[in-house]
Amino acid sequence: MVRIGHGIDAHRFTDNRPLMLCGVRIPYKKGLSGHSDADVALHALIDALLGAAAKGDIGTLFPDTDPRYKDIASTLLLKEVAEQINLEGFRIGNVDITIVLEEPRLRPHILEMRTSIARILGLAADCVSVKATTTETMGFSGRKEGILAFATAGLYR
Ligand code: MG
């Protein structure tokens, strides 16, 4: 049986924080605000995986009121979710992420981001897609106020 999940997340730009996307530190003048490391792409992916398994959402599993998750690397949260999904008997088939932002340009980092996720999920890199797009300066991402990310994930068991 194949199951599909979908996730969305958005975080606001802030000063004095590293910009983490898909577990990779991206050189930029700003980072994202959030309780964890605010890796918006991994948060969307986590919700897609949880959605496919019908196991709730990231906010329920890792509440932003819990000091254990303060500044935590979202790669650790992704790893934990992948383990839970495997325990349910699911295998991850493929994942696909779209990151919506005006800048920085992500093209030079796409392969590293795909490899980062593939390593955490135990997938081949060609089962992990990471794409970036702009909104042609429209809306909050267009005004460079933050980053929006979408993800889908396919599970089977
Ligand atoms: Mg988030």
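None of these values were measured; they are calculated from a predicted model. Both ligands and their constituent atoms are indexed starting at 1 by order of listing.
- Distance alone, capped at 3.5 Å, places no donor-acceptor pair between the Arg114 side chain and the His109 backbone.
- With Leu77 as the partner, the side chain to side chain contact (heavy atoms under 4.5 Å, CB included) test is satisfied by one option alone out of Leu42, Leu45, Ile46: Ile46.
- Rounding to the nearest 0.5 Å places OG1 of Thr134 at 4.5 Å from CD of Glu102.
- Take Asp96 and apply the salt bridge (charged side-chain N to carboxylate O under 4.0 Å, His left out) test, not counting sequence neighbours, and it matches Lys131.
- Both the sub-6.0 Å distance and the 45° axial angle are satisfied by Arg157 relative to the ring of Phe90.
- Here the straight-line distance linking atom NE2 of His35 with atom CZ of Arg68 works out to 10.0 Å at 0.5 Å rounding.
- Counting only protein N, O or S atoms, the number found under 2.8 Å from the Mg ion (ligand 1) is 3.
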